[in-house]
Amino acid sequence: MKKIISGISGEGRKRNKTNVFEEYQITGYKILDLNKDGKKELLYGYWSGGARSSGAICGIRKGKVKKLVDFGGSPQFYTVKGSKNQVVVGGANSAYEYAYSVFVVSANGLKEKDVYVRVYDDSDHMRVTKNEKEISRASFQAWEDKLAEIKPDDYKPVKPVEKSQHVRSEKEIYLKYLTRMKKSLLKKYSKSNIVVPLSDYYLEYKIMDLNGDGTKELLYTFQVNGFPGSDDPSYLQQKGRICTIQNGKVKQMWESDTSHAITFHTIKGSESEIVVDKYITGGIHHIEVYHVASAKLEKNASYIFGPIEGPELGYFRKDGTERVKDPFGKDDENLKYIELKRL
């Protein structure tokens, strides 16, 4: 998300007298997950040329930054203690009036839930309304005490990349990493003096954005056995890995244990989960469901699939004691197989 801050639409730049764009006065920003769904939002403040600063909240939709809402009145941002999906924006409407807008954050954007307005009259008497209905000062104070201010980070303008510089794409970074890794893995798992051509060693991969945050992840599987020169050339065994990119370098987030075969799947209706199917032997599969956060995987569920009780196939809890009915829909209709490409 940080790499997009310098490209904030019209607010990011202004024209000076020589008709040259220069950095606008962005007062600060914060990148955080407002509703704990694994997708981070961007909050930032900027001077718009008036007496008070302005601010905005953005999210990433289909790999691009989208402004969800913006504000005037020198806004401040808050979370609400005890709530996992609310953000509050406070700002001055005038010298005597201050308002708080309460938003519910969801995958579809922001929805305004409540508006609190605090007004002082000429006698310095305070009157408070909630959604245009007057409420007591005590009730308002109890709510206001739950607010926790989101402290912004200092904004440092990002220097533009000179045209002569080549910025490597995620695909270039991953393919260079995989080429190096394929040679290293072949060397690691070759146990004899047999010279194995690199083309005879199977490494398969897929580059895709697993959680819609604009950064693509890398999934790949590689052989541990089942190729000439391995411990058992006649018996295929694999491992799998999931990686991301941080600071221009590949970071491994997850590695499987050794299995007979490994496949990856997404879940229909979920934008941040991946299913790993590890086939062990005898019709037994170990199934793991992970939530994909910005730079790590969090395990949500584990199952065993196979003939645990007699010949009937089914899903069971990882310890094999409790049957689970259709965790991915009837006949796994909600699973979508991720097809890997051979390197």
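Values below: every heavy atom of this structure, side chains too, minus hydrogens, waters and symmetry copies.
The closest donor-acceptor contact from the side chain of Asp209 to the backbone of Gly212 lies under 3.5 Å. Put simply, the side chain of Asp232 gets close to the backbone of Ser234: a donor and an acceptor are under 3.5 Å apart. In this structure, the side chain of Thr129 does not engage the main chain of Glu134 through any donor-acceptor pair within 3.5 Å. One N or O on the side chain of Asp213 and one on the backbone of Thr215 form a donor-acceptor pair closer than 3.5 Å. Here the side chain of Ser190 pairs a donor or acceptor atom with the backbone of Leu186 at under 3.5 angstrom. Looking at Glu217, its side chain does come within 3.5 Å of a backbone N or O of Leu210 through a donor-acceptor pair. Asp33 places a side-chain N or O within donor-acceptor distance of the main-chain N or O of Gly38, the cut-off being under 3.5 Å. Side-chain N or O atoms of Asn225 include one that pairs as donor or acceptor with a backbone N or O of Asp231 at under 3.5 Å. A side-chain donor-acceptor contact under 3.5 Å links Tyr279 to the backbone of Gly283. At least one donor-acceptor pair under 3.5 Å links the side chain of Ser74 to the backbone N or O of Ser53.
Other residues, nucleotides and ligands place more than 12 heavy atoms under 6.0 Å from the OH atom of Tyr235. At most 12 non-hydrogen atoms from other residues, nucleotides or ligands lie less than 6.0 angstrom from CG of Asp154. Few gaps surround CZ on Phe227; more than 12 heavy atoms of other groups in view lie less than 6.0 Å from it. Other residues, nucleotides and ligands contribute more than 12 heavy atoms inside 6.0 Å of the CD atom of Glu288. Taking a 6.0 Å sphere around CD of Glu333, one finds it holds more than 12 heavy atoms contributed by other residues, nucleotides or ligands. Shown here is Lys336, whose NZ atom has no more than 12 heavy atoms of other residues, nucleotides or ligands within 6.0 Å. Within a 6.0 Å sphere centred on NZ of Lys36, heavy atoms belonging to other residues, nucleotides or ligands number more than 12.
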**Asked** Is there a salt bridge (Lys or Arg N to Asp or Glu O under 4.0 Å) between Arg118 and Glu144 once you walk through the steps?
**Response** CA-CA 11 Å; Arg118 182 182 65 202; Glu144 194 177 41; 3.3 Å; yes
**Request:** For Leu297 and Ile242, run side chain to side chain contact (heavy atoms under 4.5 Å, CB included): C-alpha distance rounded to whole Å, both residues' side-chain angles, the deciding distance at 0.1 Å, then the answer.
**Result:** CA-CA 9 Å; Leu297 296 187; Ile242 299 176; 3.7 Å; yes
**Request:** May I have the step-by-step check of side chain to side chain contact (heavy atoms under 4.5 Å, CB included) for Glu149 and Gln76, ending in yes or no?
**Result:** CA-CA 7 Å; Glu149 184 179 356; Gln76 291 178 288; 3.2 Å; yes
**Prompt:** Do Tyr202 and Arg342 pass the side chain to side chain contact (heavy atoms under 4.5 Å, CB included) test, and can you show the C-alpha distance, the side-chain angles, and the key distance before you say yes or no?
**Reply:** CA-CA 7 Å; Tyr202 274 71; Arg342 184 174 176 185; 2.9 Å; yes
**Prompt:** Between Met126 and Arg137, does a side chain to side chain contact (heavy atoms under 4.5 Å, CB included) hold up when you go through it step by step?
**Reply:** CA-CA 8 Å; Met126 186 176 81; Arg137 294 180 63 172; 3.3 Å; yes
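Proximity of Tyr116 to Phe140: side-chain heavy atoms (C-beta onward) are separated by under 4.5 Å at one or more points. Thr266 places none of its side-chain heavy atoms less than 4.5 Å from the side chain of Val275. Looking only at side-chain heavy atoms (C-beta outward), Ser256 and Lys239 come within less than 4.5 Å of each other. Here the side chains of Thr27 and Tyr44 are not in contact, with every heavy-atom distance at 4.5 Å or above. Contact of the Thr79 side chain with the Val88 side chain is not registered, since no non-hydrogen atoms from C-beta on lie closer than 4.5 Å. Annotation: side chain of Ile245 is not in contact with side chain of Lys249 (no heavy-atom distance under 4.5 Å). Counting heavy atoms from C-beta on, the side chains of Val289 and Ile267 come closer than 4.5 Å. With a 4.5 Å cut-off on side-chain heavy atoms, Trp254 and Cys243 do not count as touching.
Checking Tyr177 against Tyr205 by side-chain atom types alone, no donor-acceptor pair falls below 3.5 Å. If you check the side chains of Ser272 and His291, you find a donor sitting under 3.5 Å from an acceptor. Checked by atom type, the side-chain pair Tyr174/Glu172 shows no donor-acceptor distance below 3.5 Å.
Here the CG-OG distance, from Asn300 to Ser270, works out to 8.5 Å after rounding to the nearest 0.5 Å. Taken from OG1 in Thr258 to CD1 in Ile262, the straight-line distance is 8.0 Å, to the nearest 0.5 Å. Within the model, atoms NZ of Lys183 and OH of Tyr201 stand 14.0 Å from one another, a figure rounded to the nearest 0.5 Å. With rounding to the nearest 0.5 Å, the separation of OH in Tyr189 from CD in Gln223 is 11.5 Å. The CG atom of Leu218 sits 12.5 Å away from atom NZ of Lys171, with the distance rounded to the nearest 0.5 Å. In this structure, Lys30 NZ and Glu41 CD are separated by 14.0 Å, a value rounded to the nearest 0.5 Å.
Between Glu255 and Arg241 there is a salt bridge, since a side-chain N of the basic residue sits under 4.0 Å from a carboxylate O of the acidic one. Using a cutoff of 4.0 Å between basic side-chain nitrogens and carboxylate oxygens, Lys341 and Glu204 are not scored as salt-bridged. Ion pair Asp257/Lys278 flagged as a salt bridge, since at least one NZ, NE, NH1 or NH2 atom sits closer than 4.0 Å to an Asp/Glu carboxylate oxygen.
Ser101 and Val115 make their closest contact through OG-CG2, 4.3 Å (heavy atoms, listed as atom of the first residue, atom of the second, distance). Counting all heavy atoms, side chain and backbone alike, Asp145 lies closest to Lys81 at O-NZ, 4.1 Å.
Ring geometry, Phe305 versus Tyr315: the interplanar angle falls from 30° to 60°, so the pair is classed tilted. Ring pair Tyr98/Tyr100 is perpendicular by interplanar angle, where above 60° counts as perpendicular and below 30° as parallel. Ring pair Tyr155/Tyr29 is perpendicular by interplanar angle, where above 60° counts as perpendicular and below 30° as parallel.
Both Ile173 and Met181 belong to a single network of hydrophobic side chains, linked directly or stepwise wherever heavy atoms of I, L, V, M, F, W or Y lie under 4.5 Å apart. Under a hydrophobic-cluster definition in which Ile, Leu, Val, Met, Phe, Trp and Tyr are linked whenever side-chain heavy atoms come within less than 4.5 Å, directly or via other members, Ile287 and Tyr290 are assigned to different clusters. Cluster membership for Ile274 and Ile207, using ILVMFWY side-chain heavy atoms within less than 4.5 angstrom, is not shared. The hydrophobic cluster containing Ile26 also contains Ile31, counting ILVMFWY residues as joined when their side-chain heavy atoms lie under 4.5 angstrom apart, directly or transitively. Tyr46 and Leu42 fall within the same hydrophobic cluster, where Ile, Leu, Val, Met, Phe, Trp and Tyr residues are linked whenever their side-chain heavy atoms come under 4.5 Å apart, directly or through other members.
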